Amino acid sequence: MQTVALSWLMATICTSDIMVALVQASSTLPAFFLAIFVGAFADNFSRRMIMIIGRCMMMAASAMLDPDGLWKCRSMDDPLF
């Protein structure tokens, strides 16, 4: 979902197809290169715990990208509610 959002954002900011492709590649290449090491960890450790840690790391990364800040409380009048 984040990959689609990044590509969509770049497509609205810039009209260059190459820039959209670079954003897509830069968001998928780290997972491609780290898959070998994570596979070795999954074979040696609890897969459930690795999945939980991975999801927590994804949650923390998404929270850091929040433009309003992590701890901002929204009111009931906010249209995002």
Side-chain angles (χ1 to χ4, degrees):
M1 190 156 124
Q2 291 175 346
T3 321
V4 174
L6 286 173
S7 299
W8 194 345
L9 178 65
M10 183 51 87
T12 58
I13 292 174
C14 181
T15 58
S16 172
D17 295 337
I18 294 174
M19 291 303 291
V20 175
L22 284 175
V23 167
Q24 186 73 24
S26 67
S27 64
T28 55
L29 279 178
F32 178 73
F33 288 121
L34 291 175
I36 297 169
F37 302 111
V38 173
F41 279 116
D43 289 340
N44 293 322
F45 300 107
S46 169
R47 292 183 182 146
R48 180 177 183 267
M49 189 55 69
I50 289 175
M51 290 294 291
I52 291 171
I53 290 171
R55 291 294 177 177
C56 288
M57 290 173 64
M58 288 174 59
M59 182 182 65
S62 296
M64 286 189 277
L65 292 174
D66 184 18
D68 292 331
L70 181 61
W71 304 111
K72 181 180 177 187
C73 294
R74 299 189 187 274
S75 68
M76 292 303 287
D77 298 330
D78 195 357
L80 293 177
F81 249 119

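Reckoned from all heavy atoms, side chains included, excluding hydrogens, waters and symmetry mates. Keep in mind it's a predicted model, so treat the numbers as computed, not measured.
The two residues V23 and S26 make their nearest non-hydrogen contact at O-OG, 2.9 Å.
Cluster partners of M59, using a side-chain heavy-atom cutoff of under 4.5 Å among ILVMFWY residues and allowing indirect links: none.
Rounding to the nearest 0.5 angstrom, the gap separating the OG1 atom in T28 from the CZ atom in F33 is 9.5 Å.
Legend: salt bridge (charged side-chain N to carboxylate O under 4.0 Å, His left out) pairs involving residues 45-62, not counting sequence neighbours, sorted by first then second residue: D43-R47.
Taking hydrophobic clusters as Ile, Leu, Val, Met, Phe, Trp and Tyr residues chained together by side-chain heavy-atom distances below 4.5 Å, I52 does not share a cluster with I50.
Applying the side chain to side chain contact (heavy atoms under 4.5 Å, CB included) criterion to I18, with sequence neighbours excluded, gives S16, L22.
Annotation: D17, atom CG; neighbour count of heavy atoms from other residues, nucleotides and ligands within 6.0 Å does not exceed 12.
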